[in-house]
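A, B, ... follow the sequence lines: proteins, then strands. Residue 1 opens every chain.
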2 protein chains.
Amino acid sequence: MSTITSTNSLAVEDLGSAAQRDRRRRILDATITLAAQGGFDAVQMRGVAEQADVALGTLYRYFPSKIHLLVSALGREFERAEASLKDKPVPGDTASDRVIYVLRKTTRGLQGDPHLTEALTRAFMFADSTVATEIHAVGMQLSTMLTRAMDPERTEPTEDDIAIARVIGDVWLSSLVAWVTGRATANETAEHMERAVRMVLRD
Amino acid sequence: MSTITSTNSLAVEDLGSAAQRDRRRRILDATITLAAQGGFDAVQMRGVAEQADVALGTLYRYFPSKIHLLVSALGREFERAEASLKDKPVPGDTASDRVIYVLRKTTRGLQGDPHLTEALTRAFMFADSTVATEIHAVGMQLSTMLTRAMDPERTEPTEDDIAIARVIGDVWLSSLVAWVTGRATANETAEHMERAVRMVLRD
DNA sequence: GCCATAATAGGAACACGTTCCAGTTTGTCC
DNA sequence: GGACAAACTGGAACGTGTTCCTATTATGGC
């Protein structure tokens, strides 16, 4: 039997048997459910295990820590968000408009589920280097979404595009943290992000 | 006897008796010492209490949580850093150069003490709204340092300057987190920040 | 079908943040 | 100096993330 790739939630290959895929899915489902109900603190390892109908030790075999678990859950949610955006062209006449559209849409999605967003953002911020793989995957997805919005024609983004996307991603993350921790309202967050986008993408 | 303003580390007034000021100082000293030795995990409340020679309950009377404690310690360190920069003019011919100088200097200072930086950054990122006061104070200090570097002549920064400073602060924070969590090297961090500064301050 | 091995269940045990309490010390007011 | 309140001490106790152990159950090769 193949081993579980517990440290890489986004690899499609080598996910083990159907039973294992199902356990993994149940665990992530339980995580999202609990996070959506009560945020970071409500995601308790014993509770996740119980709701997913696995033993505590099994949960830790699949995800070596609560942070890995939450970041993996974030990765799966992002995959879905990206997939749902993949085929439709992004509306907007300028790069700024298109990027803002994507950010607005993504942010609104997150802010519609504050507890979930709080849990996932916290986990993301608290992650150490052992979660680097998962974090990197999420970062790449965000970068892809942004560069495609900036330059829908191009298949391969330029180095400049990537640098710009990273800055926007940084602002996005900081804003999200400020919102999650109650230091900024949703409106302030949106305004600040929009302003930053127009600042780096003058068009 | 006046009560301790345990939730606002930066207020100068109302710090209580000399004995209380001394206890507070000993606690923050112990926090910084432990953080510098082993980072976030090494700052353990029982250990801080022991090293500061106070009871655990007393520690919690002064700082209601580990996060408050660390963020307050970060605030004290920032006060010192800003005070040491206050009177010297920032070298550099353009706003970019001056901002990069300030960031380099600050970042180098932080990176010279990785464990301490890890502890303080992590606390900062993990803070919730109950720590908003302390967080806001730190953010204002950073903003002041940056706007002064951008525009040394002006006494009051423009709204644009503040917006730019916020974006730079966001990138700085994200980069610091990436460095602290081992996802980026010190060099990558510095390069990314520099590039972002030149992106928003084209001069 | 049988065996070897890996995976899982169930739960005890440990670490550390946090809370709480009884007794003692310190500070204040008269 | 005495009385009262506030602060402090020392330590027990609790919750949750994490580890560990044993018995049981699935899995894959022959």
Side-chain angles (χ1 to χ4, degrees), chain A residues 1-7 14-27 30-31 34-35 37-73 119 122-123 126-128 130-131, chain B residues 1-7 14-27 30-31 34-35 37-73 119 122-123 126-128 130-131:
Chain A
M1 182 180 290
S2 62
T3 36
I4 291 285
T5 61
S6 60
T7 56
D14 191 23
L15 281 179
S17 69
Q20 285 173 335
R21 268 200 309 281
D22 196 55
R23 272 200 193 85
R24 186 186 177 81
R25 185 190 53 70
R26 288 205 312 272
I27 290 172
T31 304
L34 289 172
Q37 282 169 10
F40 188 87
D41 290 342
V43 179
Q44 302 191 354
M45 300 305 268
R46 291 173 179 84
V48 172
E50 189 179 353
Q51 182 157 340
D53 205 33
V54 298
L56 190 54
T58 306
L59 173 53
Y60 272 93
R61 161 176 281 273
Y62 280 74
F63 301 95
S65 77
K66 175 172 173 173
I67 299 294
H68 281 83
L69 175 59
L70 280 167
V71 174
S72 298
R122 275 238 161 113
F126 209 61
D128 64 7
T130 67
V131 208
Chain B
M1 182 179 288
S2 61
T3 36
I4 291 285
T5 61
S6 61
T7 55
D14 192 22
L15 281 178
S17 70
Q20 284 172 337
R21 267 200 309 281
D22 196 55
R23 271 200 194 88
R24 186 186 176 81
R25 186 191 52 70
R26 289 204 312 272
I27 290 172
T31 303
L34 290 172
Q37 282 170 10
F40 189 87
D41 290 341
V43 179
Q44 301 190 355
M45 300 306 268
R46 291 175 179 83
V48 172
E50 189 180 353
Q51 182 157 341
D53 205 32
V54 297
L56 190 55
T58 306
L59 172 54
Y60 273 94
R61 161 176 280 275
Y62 280 74
F63 299 95
S65 78
K66 175 172 174 175
I67 299 295
H68 281 83
L69 175 59
L70 281 167
V71 174
S72 298
R122 206 158 254 194
F126 209 60
D128 63 7
T130 67
V131 208

Worksheet item: Can a side chain N or O of B:T58 be found less than 4.0 Å away from OP1 or OP2 on D:dT9?
Response: yes
Fill in: Nearest-Å distance for atom pair CG/C1', residues B:D22 and C:dT26
15 Å
Item to complete: Just compare D:dG17, D:dC8, C:dA9 and give me whichever is closest to any side-chain atom of B:R61.
Response: D:dC8
Discussion item. Measuring only between side-chain heavy atoms, which start at C-beta, is B:T130 closer than 4.5 Å to B:H68?
Written reply: yes
Worksheet item: Rounded to the nearest 0.5 Å, how far apart are CG of A:L69 and CG of A:L59?
Response: 6.0 Å
Item to complete: Please report the shortest heavy-atom distance between B:R24 and B:F63, naming the atom on each side.
Response: NH1-CZ, 3.8 Å
Practice prompt. Measure across B:T31 and B:A73 and return the closest heavy-atom pair with its distance rounded to 0.1 Å.
Written response: CG2-CB, 4.2 Å
Practice prompt. Tell me, please, which residues at least two apart from A:Y60 pass ring-ring contact (aromatic ring centres under 6.0 Å, His included).
Written response: none
Response to the item:
Given Watson-Crick and G-U pairs under 3.5 Å, DNA chain C in dot-bracket ([ ] crossing, | other strand) is ||||||||||||||||||||||||||||||
Discussion item. By nearest atom, which of the nucleotides D:dT16, D:dT18, C:dG17 is closest to the B:M45 side chain?
Written reply: C:dG17
Fill in: Nearest heavy-atom neighbours spanning A:R26 and A:D53
NH2-O, 3.6 Å
Worksheet item: What nucleic acid atoms does B:V48 come within less than 4.0 Å of, heavy atoms only: base, sugar-phosphate, or nothing?
Response: nothing
Practice prompt. Give the nucleotide from the list D:dT9, C:dA7, D:dT18 with an atom nearest to the side chain of A:Q20.
Written response: C:dA7
Item to complete: Report the distance from atom CG of A:L59 to atom P of D:dC20, rounded to the nearest whole Å.
Response: 16 Å
Worksheet entry | Distance, rounded to the nearest Å, where B:Y62 contributes OH and D:dT9 contributes C1' | 13 Å
Discussion item. Nearest whole Å is fine: how far is D:dT27 P from A:R21 CZ?
Written reply: 12 Å
Discussion item. With heavy-atom distances below 4.5 Å as the criterion, would you say the side chains of B:V48 and B:K66 are in contact?
Written reply: no
Fill in: Gap between atoms CG and P, on B:L70 and C:dG17 respectively (whole Å)
10 Å
Worksheet item: Starting at CZ of B:F63 and ending at C1' of C:dT19, how long is that distance when rounded to a whole Å?
Response: 19 Å
Fill in: Separation between CG of B:D41 and CZ of B:R122, rounded to the nearest 0.5 Å
7.0 Å
Worksheet item: Between atom OH in A:Y60 and atom C1' in D:dC20, what is the gap in whole Å?
Response: 13 Å
Would you tabulate the nitrogen or oxygen pairs shorter than 3.5 Å linking the protein to nucleotides 11-13 of chain C?
{"from": "C:dA13", "atom 1": "N6", "to": "A:R46", "atom 2": "NH2", "distance (Å)": "3.3"}

Discussion item. Nearest to the side chain of B:K66, heavy atoms from C-beta on, is which of D:dC8, C:dG17, C:dA9?
Written reply: C:dG17
Item to complete: Looking only at non-hydrogen atoms, find the nearest pair between B:G39 and B:A119 and report the distance.
Response: C-CB, 3.7 Å
Item to complete: Starting at atom CZ of A:R23, determine the distance to atom P of C:dA7, rounded to an integer number of angstrom.
Response: 11 Å
